[in-house]
Participant: 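I am attaching a structure below and will ask some questions about it afterwards.
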Protein chains: 2
Amino acid sequence: MATIEDVAKLTGLSRTTISRVINDHPYVSEEKRKLVLEAMEKLGYVPNSSARSLRNQKTSILALFIPRITNPFFSELVEATEIAAGEHGYQLIICQTRYSPEKELNYMNLLKTKQVDGVILASIQNEWKKLKPFLQYGPIVLCNEFDDCANVPTVRLDQVYGGYIATKHLLERGHTKIAYCSGGYRSNVAKSREIGFRKALAEYKLTFDERYAFRDAFHIADGKRVFHQMMALSEQPTAVFTGSDEVAAGIISEALRSGYRIPEDLAVVGFDNQAITELTNPTITTVHQPVKQMAQKAVDIIIEKIQTKKYEGKEIYEFPLQLIVRASTVGSELHESEA
Amino acid sequence: MATIEDVAKLTGLSRTTISRVINDHPYVSEEKRKLVLEAMEKLGYVPNSSARSLRNQKTSILALFIPRITNPFFSELVEATEIAAGEHGYQLIICQTRYSPEKELNYMNLLKTKQVDGVILASIQNEWKKLKPFLQYGPIVLCNEFDDCANVPTVRLDQVYGGYIATKHLLERGHTKIAYCSGGYRSNVAKSREIGFRKALAEYKLTFDERYAFRDAFHIADGKRVFHQMMALSEQPTAVFTGSDEVAAGIISEALRSGYRIPEDLAVVGFDNQAITELTNPTITTVHQPVKQMAQKAVDIIIEKIQTKKYEGKEIYEFPLQLIVRASTVGSELHESEA
DNA sequence: CTGTTAGCGCATTCAT
DNA sequence: ATGAATGCGCTAACAG
């Protein structure tokens, strides 16, 4: 493995000069620059990343924390984040916390040991006070998930509004018995949606009914289970708000299998606008989340923080959500997207 | 940021001794070991990763190459690989080639610059001769995708068998006009499945009909398009083999929308056994791929190669595939899994 | 069992 | 415009 020293010897120049051309410094004559470039090519020389990292105190690697990547929402987030990071010359390390506070804390050591230059948290498993101490080692940016206590940049979506427009849509279609279905008690994303859900109910003089609340639904199987739980109630809901398209799809699948009609017997609204919303029959009304924009912004910000070395300070960047009306709420009538 | 030197000073010991306790060396008295541990705790000391990487010529990072992570098959592969890597104390860098040979080659420099200890290729965008030179910098293991020319360990699935059993299933149900639908001309995975497909046809004295072949189907939208292309043929196929559940779902979705019955008018078999196969109506007959086992094996092998520093040499590890029969091929009759 | 010394590969003073 | 010297933080001979 050729080192900078080898290039220096071959060209008869000093390591300093080689380093200068590697880093595009000025004050290197065009003549010698060419000479060096040729020698590097000839030797197949490439700077050693570890050495540069040590010397520059910088790895050009970001860590992205997610619960699990097989959740399509997070897949999309990872895809967009990886691309955005790449555009800035950064690599991306994936950290699947699998909803475990311990795993999350453990991964945070990547920042402490300087294996990464910054951390993007797309989900949060610990109280902020447990995470905060790591701020002394590098920037942390919240993306998607958020925490009111956190004094760091936060890129998020207006989840209150998301819960609101989805619920209002159901209310406008005449539903009064609307079930609420979400994933994660700890998640502020879920809590915000519930606030929007309640706000919409309140506007229609309806109160939140705890019997209609299911806060442990993450996957398709959970949706299937929740469907049966709902139908076992004395007063069955006629509509259900869900926190993910997967859960919505699970509910719909099981409902159809049980002989229910969607949306006539049960209207369903999902969240995320995943590909499956156009595959199921009926297609699924959902809320679109601008994941790519969010990811791009989070990367831009964390790279700025890395450069300025100013890690603390709350900044909120919020992107809007959009209701996408499909057949799971409006049957065969004409349906259109609403803002 | 505390360094090893700080710990040495605080304890009055040498850096060597500190290093010894960090690395669990023998020959450190229990007394001093305690002393050091306390000092490290007090200073919040943690070894600097870059320095260790430089000194040890080892980063404890692996790179995983995939086309794009939003393909559920690759999401699952990433999930399993990240977990397996973590169990060995390795981090995982995601490299999305997006089907671009240039991007792939560019990411390969991670190996050359020693930013990663090894590369797992789950997809291949270049001829092996372009990739092979990187072997001098570290191990490359093929996982899922493969290349007959490649003289490196390969962990793969028996795709010929996969294509065979799926097709045979359709033949056994009386179909003779079976369309073939896959993604990727370059992919040996796709080519192998086609071999299996042809083999099954041959056993039934049928010949492969190029008019029924669609080799550019990756996503849901492609499935929708292919459905219409098939139905525009003078002699419409009565069954279709697809290379992914997403494509199968796209075909089914569009078929139902066009008033076709599945499987009566068109039997469809998918590939991957993704979650959507149980969501659509009808559910999708598919081929299960043991992704977790494959990922686990690939990680085990690459770590062994990193340790032994022997990178060249072909070794093939092959896992079996399994047909999962569902409603998209057998209608409402009793269906069961076959081996 | 412990310390001294050297060096991994690079970028940056500070000279000239 | 170029080079010599220094050190980023750590581990591994080699002594003792």
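Side chains included, hydrogens not; waters and symmetry mates left out as well; all remaining heavy atoms used. Numbered from 1 within each chain, the chains take letters A, B, ... in sequence-line order.
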Participant: Summarise how protein sits on nucleotides 8-16 of chain C as a single string, 5' to 3': B when a protein heavy atom is under 4.0 Å from the base, S for sugar-phosphate-only contact, - for no contact.
Facilitator: BBBBB----

Participant: With a sphere of 6.0 Å drawn around NZ of B/Lys191, does it hold more than 12 non-hydrogen atoms of other residues, nucleotides or ligands?
Facilitator: yes

Participant: Could you tell me whether a side-chain N or O of A/Ser49 sits under 3.5 Å from a main-chain N or O of B/Thr113, the two making a donor and an acceptor?
Facilitator: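 Yes, because the side chain of A/Ser49 sits within donor-acceptor range (under 3.5 Å) of the backbone of B/Thr113.
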
Participant: Determine whether a donor-acceptor pair (N or O, by modelled atom type, separation under 3.5 Å) exists between the side chain of B/Glu38 and the backbone of B/Leu35.
Facilitator: no

Participant: Are A/Ser14 and D/dT2 close enough that a side-chain N or O sits under 4.0 Å from OP1 or OP2?
Facilitator: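 Indeed not, no polar side-chain atom of A/Ser14 lies that close.
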
Participant: Checking B/Lys314 side chain against B/Asp148 main chain: does a donor-acceptor pair fall under 3.5 Å?
Facilitator: yes

Participant: For A/Leu110 and A/Val119: C-alpha separation, side-chain torsions, deciding distance, then whether side chain to side chain contact (heavy atoms under 4.5 Å, CB included) applies.
Facilitator: CA-CA 9 Å; A/Leu110 289 173; A/Val119 164; 5.7 Å; no

Participant: A quick test of your reading: do over 12 heavy atoms of other residues, nucleotides or ligands sit less than 6.0 Å from CD of A/Gln136?
Facilitator: yes

Participant: Has the side chain of A/Asn126 got a donor or acceptor atom that lies under 3.5 Å from a matching backbone atom of A/Pro101?
Facilitator: yes

Participant: Start with the C-alpha gap between B/Phe74 and B/Arg68, add the side-chain angles, then the distance that decides, and say whether side chain to side chain contact (heavy atoms under 4.5 Å, CB included) holds.
Facilitator: CA-CA 7 Å; B/Phe74 289 109; B/Arg68 44 195 308 248; over 6 Å; no

Participant: May I ask you to list the residues of residues 26-43 of chain B, by number, that have any heavy atom positioned under 4.0 Å from an atom of DNA chain D?
Facilitator: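 Close to the strand, none.
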
